[in-house]
Amino acid sequence: MDECVKNFRKFTGCSIVEAIEAATLRPAEALNITHKKGTFNAGADADFLFLDDDLNVKRVFVAGEEVVTN
């Protein structure tokens, strides 16, 4: 998915924020699940990740717990 976000940004010229929202918030809105996914709102699942400036994944958290990725 990180490569999809990078490609979307490259091909459209959109901002980093717009590219990340296209992969997170907008799908959650389309599925009407923003109460659980795609936001940092209270009560939403604590699934998130840290990216560097080039949108490379650095750390991943699922349900608030860090998971090891390869």
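Computed from a predicted structure; not experimentally measured.
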To the closest 0.5 Å, what do you measure between [atom1] ([X]) and [atom2] ([Y])?
| X | Y | atom1 | atom2 | answer |
| --- | --- | --- | --- | --- |
| Arg59 | Phe50 | CZ | CZ | 5.5 Å |
| Phe8 | Ile20 | CZ | CD1 | 12.0 Å |
| Leu49 | Asn56 | CG | CG | 11.5 Å |
| Glu29 | Thr24 | CD | OG1 | 9.0 Å |
| Ile16 | Asp53 | CD1 | CG | 6.5 Å |
| Glu21 | Cys14 | CD | SG | 10.0 Å |

Which atom of [X] lies closest to which atom of [Y], heavy atoms considered:
| X | Y | result |
| --- | --- | --- |
| Arg9 | Ala19 | CB-CB, 4.1 Å |
| Lys6 | Asp54 | CE-O, 3.5 Å |
| Leu55 | Asp2 | O-CB, 4.1 Å |

Angle between ring planes, Phe61 versus Phe48, binned at 30° and 60°: parallel, tilted or perpendicular? parallel
Electrostatic pair Lys37-Asp47, nearest N-O below 4.0 angstrom: yes
With sequence neighbours left out, what residues match Glu18 under salt bridge (Lys or Arg N to Asp or Glu O under 4.0 Å)? none
Show your working on side-chain contact (heavy atoms from CB on, under 4.5 Å) between Leu25 and Thr34 and close with a plain yes or no. CA-CA 7 Å; Leu25 178 60; Thr34 54; 4.1 Å; yes
